[in-house]
There are 2 protein chains.
Amino acid sequence: MSRSRARKSKPYHHGDLAPALLAAAEQLIEDRGVEGFTLREAARRAGVSHAAPAHHFGDANGLLTELAAVGFDRLTAAQREAITGVTDPTQRVVEMGLSYVGFALDHPAQFRLMFSSGRIERTSDRLRIAGRAAFQIFLETFAAARGVVVEPLTPHEAGRDPVVLRQWAQVHGLATLAIEGQLGPTIGPGRKRLIESARAVLEAALKALPTRKESESRRAAL
Amino acid sequence: MSRSRARKSKPYHHGDLAPALLAAAEQLIEDRGVEGFTLREAARRAGVSHAAPAHHFGDANGLLTELAAVGFDRLTAAQREAITGVTDPTQRVVEMGLSYVGFALDHPAQFRLMFSSGRIERTSDRLRIAGRAAFQIFLETFAAARGVVVEPLTPHEAGRDPVVLRQWAQVHGLATLAIEGQLGPTIGPGRKRLIESARAVLEAALKALPTRKESESRRAAL
DNA sequence: TCCTTGATCTAGACATTGAAAAGATGGATA
DNA sequence: TATCCATCTTTTCAATGTCTAGATCAAGGA
């Protein structure tokens, strides 16, 4: 009974709507910013009616919250990948930080959605768990560079250690300043220059860190 | 002709609407967040019709842009006041940074409006000039602590100096992490604890700063 | 085979929003 | 006094988020 409609008419059921809506929403906030997001436009881009998203995400904030959680998943993966193959504990922290900044530069709208948007439900378990995972990698990698062990901590707790807090604030500050446009262009050659600046900052920060040895090899990379 | 209406009926002309609208808008974003702002609600709180704001600010973004500019004016004043009476150049940088973080804690919605909102017109001259003034104080005060002189620079230019960039990122990162709720409560005793943590971070940062001596006293605090 | 169930999606309605247009008000100025 | 014009209101319109009722369709049971 569905022989003639297979070609042209679109099926009543999308079949894979949730991921399609997330992809549409991601493209949308990239195009028009987080503030330019509308649920109806996202539905439009996914080719469904304006009421369809409700069945998968509840309301508009639900969709954005899931999109933010996906962002944390990506950030976690990016950080993990950035340190694979890097053996020097200090260098691992640098690479991880640069992947953090790089993620912000590559996905500025999603980054802002994740960290500085009032449109997501921060109490969501899905979101909190995804956020914790990203933070946990930072914490473990940084602890290894300091030569200390650390049990799983919440960000709130970890923020009480000035050394952790300082490193965290540095990286997060670099990322936010960059995507806010305070540091100049973030695409093309501007992006490369920003990463170089971030590398200089992070290496300077790490050089003064461990109590044991201070390698004097300064690669300001230029 | 305006004798009997003086008591109860409100006058047709507000008389001082622009500041009243700004005050209403400020209260509104404090109550409901930047995303909860609506032009009509701001007008409602100011006691005028929903079309009145247009005559003073153009559109909704115009009002918010002015509110952000006022925020930069306040931040500038706060930074200026924080360093008055403080003679030690290094301590001036610490106090200035704490006033920056303190401003964010006291006006989180306005701070987010100023730095991480897509709803303001960043090309506005009024906004840019106000933003530059706040940045200029930071730059001059920090340069004095380093023992260098610095001619007026745009943030873009200043961001190329890793030492400046690092200090800037630290302070901005502390402020943003705090108001994003990543560091725990920001009011009551939480606020005091946050300021203490920020002080520890900034003093550690400044201790390692000048090229002259490197005191090895590491106060990891706790 | 039929038909029932539940998940998925559409269509329509409603209150709210930002903006534009046209008119009302009243202080300032000549 | 008469005119001007900045200020403010009223009306209107398209767009938005959410709700409700109904349409579609696959899968499983009688």
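Quantities reported herein were computed from a predicted structural model and do not represent experimental measurements. Reckoned from all heavy atoms, side chains included, excluding hydrogens, waters and symmetry mates. Per chain, numbering begins at 1; letters A, B, ... match sequence-line order.
- Residues of residues 116-125 of chain A that place a heavy atom closer than 4.0 Å to DNA chain D do not occur.
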Pair up each side-chain donor or acceptor in residues 113-121 of chain B with any protein partner under 3.5 Å, not counting sequence neighbours, and list the distances.
residue: B:Ser116; atom: OG; partner: B:Arg112; partner atom: O; Å: 3.4
residue: B:Ser117; atom: OG; partner: B:Arg119; partner atom: N; Å: 3.0

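- The heavy-atom pair separating B:Pro53 from B:Leu63 by the smallest distance is CB-CD1, 4.5 Å.
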Please tabulate the protein-to-nucleotide N/O contacts below 3.5 Å involving nucleotides 4-7 of chain C, giving atom names and distances.
none

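- Straight-line distance from the CZ atom of A:Phe57 to the P atom of C:dC9: 11 Å, rounded to whole Å.
- Using a 4.0 Å cut-off between charged nitrogen and carboxylate oxygen, B:Arg191 and B:Glu196 do not count as a salt-bridge pair.
- Using a 4.0 Å cut-off between a side-chain N of Lys or Arg and a carboxylate O of Asp or Glu, A:Arg45 and A:Asp31 qualify as a salt bridge.
- Straight-line distance from the CG atom of B:Leu17 to the C1' atom of C:dG26: 16 Å, rounded to whole Å.
- Between A:Phe135 and A:Phe72, a ring centre-to-centre spacing not shorter than 6.0 Å is recorded.
- For the pair B:Leu21 CG and D:dT9 P, the computed distance is 10 Å after rounding to whole Å.
- Inter-residue side-chain proximity for A:Pro155 and A:Arg132 is flagged as met; some heavy-atom pair is nearer than 4.5 Å.
- Going from atom NE2 of A:His55 over to atom C1' of D:dA21 covers 11 Å, rounded to whole Å.
- Rounding to the nearest 0.5 Å places CZ of B:Phe142 at 9.0 Å from CZ of B:Arg166.
- Side-chain contact check for B:His172 and A:Gln182: no donor-acceptor pair (N or O, by modelled atom type) lies under 3.5 Å.
- Sorted by first then second residue, the salt bridge (charged side-chain N to carboxylate O under 4.0 Å, His left out) pairs that include residues 46-64 of chain B, not counting sequence neighbours, number zero.
- Screening residues 30-64 of chain B for ring pair (Phe, Tyr, Trp, His ring centres under 6.0 Å) gives no qualifying pairs among residues at least two apart or on separate chains.
- Residues from residues 27-53 of chain A placing a heavy atom under 4.0 Å of any atom in DNA chain C, listed by number, are A:Val48, A:Ser49, A:His50, A:Ala51, A:Ala52.
- Note: NE2 (A:His56) to C1' (C:dC9) measures 8 Å, nearest angstrom.
- With contacts defined as side-chain heavy-atom distances shorter than 4.5 Å, the pair B:Thr65/B:Arg126 does not qualify.
- With rounding to whole Å, B:Asp16 atom CG is found 15 Å from D:dA6 atom C1'.
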